[in-house]
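In this chain, numbering begins with 1 at the start of the sequence shown. Worth saying up front: this structure is predicted, and the values here are computed from it rather than measured.
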Amino acid sequence: MTEDSFDTKREQFNNLWDGITPKGVNRTKLLKFRQYIKEHVRQTGRAMTRDNCEKYWMGELQKE
């Protein structure tokens, strides 16, 4: 992957984490996304922090 695609994926994570949509902030999507990611991080046995969630989204936790 190129550096550009990583930036795009990281930006996508930040938008989803903050619930940002084209129509504004959507709290329901924010909560659903966080719950989804945190559940996957929990299954890896790591702390459910934003950093670990971002690492999971970027595919870095799977490599460790």
Side-chain angles (χ1 to χ4, degrees):
M1 287 187 157
T2 65
E3 188 69 29
D4 238 4
S5 62
F6 278 124
D7 289 340
T8 303
K9 191 164 182 168
R10 193 172 309 277
E11 184 178 328
Q12 182 184 24
F13 172 82
N14 289 328
N15 286 342
L16 288 168
W17 188 263
D18 295 331
I20 297 172
T21 66
K23 294 183 179 181
V25 176
N26 186 330
R27 182 160 166 75
T28 303
K29 283 189 178 185
L30 174 152
L31 294 172
K32 277 185 169 182
F33 178 74
R34 287 184 184 186
Q35 181 181 5
Y36 172 80
I37 293 294
K38 284 181 177 181
E39 180 59 26
H40 284 281
V41 171
R42 185 190 64 78
Q43 291 175 4
T44 65
R46 291 183 167 79
M48 293 185 289
T49 63
R50 186 182 196 285
D51 289 336
N52 283 340
C53 291
E54 187 172 354
K55 284 180 183 177
Y56 177 83
W57 183 257
M58 297 300 289
E60 296 168 7
L61 279 185
Q62 293 86 332
K63 292 177 186 173
E64 291 179 1

How many angstroms lie between [atom1] in [X] and [atom2] in [Y], if you round to the nearest 0.5 Å?
{"X": "K55", "Y": "R50", "atom1": "NZ", "atom2": "CZ", "result": "13.0 Å"}
{"X": "E54", "Y": "I37", "atom1": "CD", "atom2": "CD1", "result": "10.5 Å"}
{"X": "H40", "Y": "Q43", "atom1": "NE2", "atom2": "CD", "result": "6.5 Å"}
{"X": "F33", "Y": "N26", "atom1": "CZ", "atom2": "CG", "result": "13.5 Å"}

Task: Remaining members of the apolar cluster that contains L30, side-chain heavy atoms under 4.5 Å - done: L31
Open item on the list: Could you check whether any side-chain heavy atom of N52 comes within less than 4.5 Å of a side-chain heavy atom of E60, counting everything from C-beta outward?
Closed with: no
Task: Close side-chain approach of R10 to N14, heavy-atom, < 4.5 Å - done: yes
- [ ] Name the orientation class of the two ring planes belonging to W57 and F13 (parallel below 30°, tilted from 30 to 60°, perpendicular beyond 60°).
- [x] tilted
TODO: Mind listing the closest non-hydrogen atom pair of D18 and V25 along with its distance?
DONE: O-CG1, 3.8 Å
- [ ] Just jot down the side chain to side chain contact (heavy atoms under 4.5 Å, CB included) partners of R42, sequence neighbours excluded, or say none.
- [x] E39, M48
